[in-house]
Amino acid sequence: MNSDNPALHPESLPQHIAIIMDGNGRWAKKRSLNRIRGHREGTESVRDIVRACREIGIKVLTLYAFSTENWNRPPQEVAALMKLLKTFLKSESPEMMENGICLNAIGDIERFPDDVLDVLHEVTETTRKNQGMILNLALSYGGRHEIVRAAQHIARDVEDGRLQPERITEELFSSYLYTHGMPDPDLLIRTSGEMRISNFLLWQIAYTEISVTETLWPEFRREELILILRDYQKRERRFGLTGDQIRKGSRRP
Ligand code: IPE
Ligand code: IPE
Ligand code: MG
């Protein structure tokens with residue numbers, strides 16, 4: 001399946017898709033494998049979904065890869081995830097260049113070990129000018145942390161006289177977040193069936209459409225993404241208005 005699929009309407013595609021990639025551990029457990037094997041298989045899904053989104057014409061894809069809370073997992077698992085991330089970034093960099101993908105890390109990445117940070121900075125720098133699609137990798141990311149960090153930066157700007165408190169609006173606040181300059185996610189997908197947000201993009205998902213699938217992340221591939229996109233295109237996004245207002249063409253507030 002590709003972007004020519006007649007069932008997808010190009011005019012109502014989400015501009016920004018965010019995904020909580022969950023279920024790697026359970027995928028491995030079901031097969032009596034080590035959890036790390038689940039994470040490794042999960043990177044195959046990442047590859048497939050990044051390619052698919054690029055082909056479909058999605059402008060921004062944000063993948064939740066590692067949360068601030070995930071630092072509390074067993075040290076061997078954290079170490080294996082670091083290694084996997086490094087390998088993944090190195091191996092995907094040429095394809096990102098070929099496909100015009102701009103990699104952008106969001107999160108408290110300074111907590112990562114130097115060797116991972118080096119690769120991350122290198123790939124971010126190499127792909128910086130690519131215009132095809134932004135791939136946000138949420139790494140050491142927490143929504144509450146992001147909001148507190150924005151508040152700290154705003155407070156500092158007020159303190160230094162660069163900003164008047166009256167100028168603090170929703171738009172200005174958004175510009176202090178990691179996702180500044182990007183549209184909010186239109187669609188949030190969570191795999192593995194959990195009905196929770198787990199500290200992901202708390203500010204940005206105010207009006208995001210949510211889709212939860214039982215599929216475990218290592219089994220989530222483009223065919224299912226297309227089904228979710230078809231379902232998304234059937235939804236009526238009302239942004240607080242009435243259905244009649246939306247059908248008569250009122251703009252979103
Ligand atoms: C998601 O899979 C990957 C990360 C959080 C790093 P999990 O590792 O959370 O898998 P489950 O939820 O235990 O199955
Ligand atoms: C959310 O998954 C974080 C990522 C996918 C990186 P978790 O597995 O950490 O979430 P909880 O613990 O089930 O809420
Ligand atoms: Mg999980």
Side-chain angles (χ1 to χ4, degrees), residues 16-50 53 60-89 91-92 103-113 115-117 119-120 134-149 177-179 185 187-205 208-221 224-225 228:
H16 183 171
I17 299 178
I19 308 184
I20 303 176
M21 311 185 288
D22 197 17
N24 294 351
R26 276 162 285 169
W27 180 90
K29 193 164 183 211
K30 257 179 37 186
R31 289 163 179 74
S32 309
L33 299 169
N34 184 310
R35 292 179 58 85
I36 313 301
R37 282 290 304 280
H39 295 311
R40 204 181 307 150
E41 190 62 23
T43 61
E44 295 301 323
S45 300
V46 173
R47 203 167 282 135
D48 191 52
I49 295 304
V50 171
C53 284
V60 186
L61 172 66
T62 301
L63 299 177
Y64 203 6
F66 193 83
S67 73
T68 44
E69 290 74 20
N70 290 150
W71 285 112
N72 301 321
R73 290 195 177 191
Q76 315 85 283
E77 181 167 342
V78 172
L81 282 167
M82 298 295 130
K83 207 169 148 199
L84 208 54
L85 173 63
K86 213 170 117 178
T87 317
F88 177 80
L89 289 170
S91 70
E92 295 314 294
L103 181 87
N104 181 45
I106 65 169
D108 189 12
I109 57 166
E110 298 307 319
R111 287 181 73 178
F112 281 98
D115 59 329
V116 179
L117 269 186
V119 182
L120 201 53
I134 296 173
L135 172 60
N136 288 322
L137 265 196
L139 295 167
S140 189
Y141 176 87
R144 286 185 171 179
H145 172 266
E146 180 181 31
I147 291 170
V148 168
R149 174 184 170 273
L177 298 174
Y178 291 121
T179 48
L187 174 65
L188 170 69
I189 300 171
R190 182 165 188 150
T191 58
S192 92
E194 309 296 354
M195 299 284 189
R196 56 176 173 260
I197 299 298
S198 303
N199 205 8
F200 192 38
L201 300 177
L202 297 180
W203 171 278
Q204 296 90 335
I205 60 170
T208 299
E209 295 295 320
I210 298 178
S211 179
V212 176
T213 167
E214 291 294 324
T215 306
L216 303 173
W217 177 250
E219 286 168 348
F220 187 84
R221 298 296 156 95
E224 190 169 355
L225 174 70
I228 291 175

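Both counts, for ligands and for their atoms, begin at 1 and track the order of listing.
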Residue that, paired with Asn136, satisfies side-chain contact (heavy atoms from CB on, under 4.5 Å) out of Ile106, Leu63, Leu61, Leu103: Ile106
From the options Ile210, Leu225, Thr215, select the one residue that forms a side-chain contact (heavy atoms from CB on, under 4.5 Å) with Ile189. Leu225
Can you tell me the protein heavy atom closest to [atom] and the distance?
atom: atom 14 (O) of ligand 2; value: Ser198 OG, 2.6 Å
atom: atom 10 (O) of ligand 1; value: Gly25 N, 2.9 Å
atom: atom 2 (O) of ligand 1; value: Asn24 N, 3.2 Å
atom: atom 5 (C) of ligand 2; value: Met21 O, 3.4 Å

Determine yes or no for a side-chain-to-main-chain donor-acceptor pair under 3.5 angstrom, with [X] supplying the side chain and [Y] the backbone.
X: Tyr141; Y: Phe200; answer: no
X: Thr191; Y: Asp22; answer: yes
X: Asp48; Y: Ser45; answer: no

Please say which of Arg35, Arg221, Arg31 ends up in a salt bridge (Lys or Arg N to Asp or Glu O under 4.0 Å) with Glu41.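 For Glu41, the salt bridge (Lys or Arg N to Asp or Glu O under 4.0 Å) test succeeds with only one of Arg35, Arg221, Arg31, which is Arg221.
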Where on Asn70 is there a heavy atom closer than 4.0 Å to ligand 1, on the side chain, on the backbone, on both, or on neither? side chain
Spacing of CG belonging to Asn24 relative to CD1 belonging to Ile36, to within rounding of 0.5 Å: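 Reported value, rounded in 0.5 Å steps: 10.0 Å.
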Near Ala65 (heavy-atom distance under 4.0 Å), the atoms of ligand 1 are 6 (C)
Under 4.0 Å from any heavy atom of Arg26, which atoms of ligand 1 are there?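 Listed by number with element, the hits are 11 (P), 12 (O), 14 (O).
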Closer than 4.0 Å and a protein heavy atom, does any atom meet both conditions relative to atom 12 (O) of ligand 2? no
Answer yes or no for [X]: is there a heavy-atom contact with ligand 1 below 4.0 Å?
X: Gly23; result: yes
X: Ala28; result: no
X: His39; result: yes

Flag for Trp217-Ser192: side-chain donor and acceptor within less than 3.5 Å: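 No, Trp217 and Ser192 have no side-chain donor paired with an acceptor closer than 3.5 Å.
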Checking distances from the Mg ion (ligand 3), one finds that the N, O or S atom of Asp22 closest to it is OD1
In ligand 2, which numbered atoms sit nearer than 4.0 Å to a non-hydrogen atom of [X]?
X: Phe66; value: 6 (C)
X: Arg73; value: 7 (P), 8 (O), 9 (O)
X: Arg190; value: 2 (O), 10 (O), 11 (P), 13 (O), 14 (O)

Test item, Arg196 contacting ligand 2 (heavy atom, 4.0 angstrom):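 Within the 4.0 Å threshold, so yes.
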Return yes or no for this condition: an N or O of Asp22 is under 3.5 Å from an N or O of ligand 1. yes
If you measure from the Lys or Arg side-chain nitrogens to the Asp or Glu carboxylate oxygens, is any gap between Arg47 and Glu44 under 4.0 Å? yes
Electrostatic pair Glu194-Arg26, nearest N-O below 4.0 angstrom: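 Here Glu194 pairs with Arg26 in a salt bridge, since their nearest N and O are under 4.0 Å apart.
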Exercise: identify the closest heavy-atom pair between Gly38 and Trp27: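 Heavy-atom minimum between the residues: CA-CE3, 3.7 Å.
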